[in-house]
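Reading through the structure tokens given below for one structure.
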Amino acid sequence: MNKTKVLYPGSFDPITNGHMDIIERSAKIFEEVNVAVVKNIQKKSTFTLEQRVEMIEKACKHLSNVKIHQFEGLTVDFAKQIGCSTIIRGLRAISDFESEMQMSLANKKLNDELETLFLVADGKYAFLSSSIVREIASYGADISELVPENIVEDIKRRFNDK
Ligand code: ADP
């Protein structure tokens, strides 16, 4: 297990400026940040796994110590597979805390060596979620302040195609 290598898992449906803030801050603290899109069979996504990965790749192009993955199954297993002993998650509000704490305790139960570290969301992104972006984009309204600049058109196009 590499102490300076962390895993940031999520749905990223799609990636937002809030996610980017967590990735960029983690990339300053740790040597390697592994962003991984979870293929969750119980959670229906708007964007395909490939589209979500592609958008993160575009958005993180400027970050040399960030790697992008996709995985299916348990986060603890994937962390072990790629040699990460730390999971990063973002906390926006108390409402995030309950489920995040439950998940981190469940992961600890599955692998006692795995730690979850929480970064508090930047105040200006505390309201932001992928579902807010999807809602706004679905009405054709402006999302340019909410997601990385170079994926705005990709998101718009995918909503226009629907
Ligand atoms: P999941 O379905 O695993 O919660 P998400 O893509 O919704 O996937 O979120 C991934 C992680 O990013 C979670 O830890 C979530 O709390 C965090 N996150 C989401 N939006 C923001 C934001 N605006 N600022 C900071 N962290 C965020």
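Predicted model only: the values in this text are computed from it and were never measured. In each ligand, atom 1 is the first atom listed, and ligand 1 is the first ligand listed.
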Any N/O of Phe12 closer than 3.5 Å to an N/O of ligand 1?
yes
Is the shortest N/O to N/O distance between Asp13 and ligand 1 below 3.5 Å?
no
Count the heavy atoms belonging to other residues, nucleotides or ligands that lie under 6.0 Å from CZ of Phe97, then report whether that count exceeds 12.
no
Please state which part of Leu128 comes within less than 4.0 Å of ligand 1, counting heavy atoms only: side chain, backbone, both or neither.
both
Count the heavy atoms belonging to other residues, nucleotides or ligands that lie under 6.0 Å from CD of Glu50, then report whether that count exceeds 12.
yes
Among all protein heavy atoms, pick out the one at the shortest distance from atom 4 (O) of ligand 1; state its residue, atom name and that distance to 0.1 Å.
Arg89 NH2, 3.2 Å
Could you tell me whether Tyr8 and ligand 1 have an N or O pair separated by under 3.5 Å?
yes
Counting distance only, does the side-chain N/O of Asn150 pair as donor-acceptor with the main-chain N or O of Lys58 below 3.5 Å?
yes
Is Phe127 touching ligand 1 with its side chain, its backbone, both, or neither, if touching means heavy atoms under 4.0 Å apart?
neither
Considering only the protein, which heavy-atom contact is closest to atom 24 (N) of ligand 1, and what is its distance?
Ala121 CB, 3.4 Å
Ring geometry between His69 and Phe78 (parallel below 30°, tilted from 30 to 60°, perpendicular above 60°)
perpendicular
What residue and atom, counting heavy atoms only, is the protein's closest point to atom 1 (P) of ligand 1, and at what distance?
Ser11 OG, 3.6 Å
Below 4.0 angstrom from a heavy atom of Tyr125, which ligand 1 atoms are there? Numbered from 1 as shown, please.
22 (C), 23 (N)
If you measure every N/O of Arg92 against every N/O of ligand 1, is any gap under 3.5 Å?
yes
If you scan protein heavy atoms around atom 18 (N) of ligand 1, the nearest is His19 CD2, 3.9 Å
Mark yes or no for whether Ser130, through its side chain, and Pro14, through its backbone, hold a donor-acceptor pair below 3.5 Å.
yes
Under 3.5 Å side-chain donor-acceptor pair for Arg52 and Ser45
yes
Expected output: side-chain Asp21 to main-chain Ala121 donor-acceptor under 3.5 Å:
no
For Gly10, the atoms of ligand 1 under 4.0 Å from one of its heavy atoms are 3 (O), 8 (O), 10 (C)
Under 6.0 Å from the NZ atom of Lys108, do we count more than 12 heavy atoms belonging to anything else shown?
yes
Polar contact flag for Gly90 and ligand 1 (N/O pairs, less than 3.5 Å)
yes
Non-hydrogen atoms of Ile22 versus ligand 1: any pair closer than 4.0 Å?
yes
Less than 4.0 Å between a side-chain N and a carboxylate O, is that true for Asp77 and Lys80?
no
Could you tell me, atom by atom, which parts of ligand 1 come under 4.0 Å of a heavy atom of Gly18?
22 (C), 23 (N), 24 (N), 25 (C)
Any sub-3.5 Å donor-acceptor pair from Asp96's side-chain atoms to Leu91's backbone N or O?
no
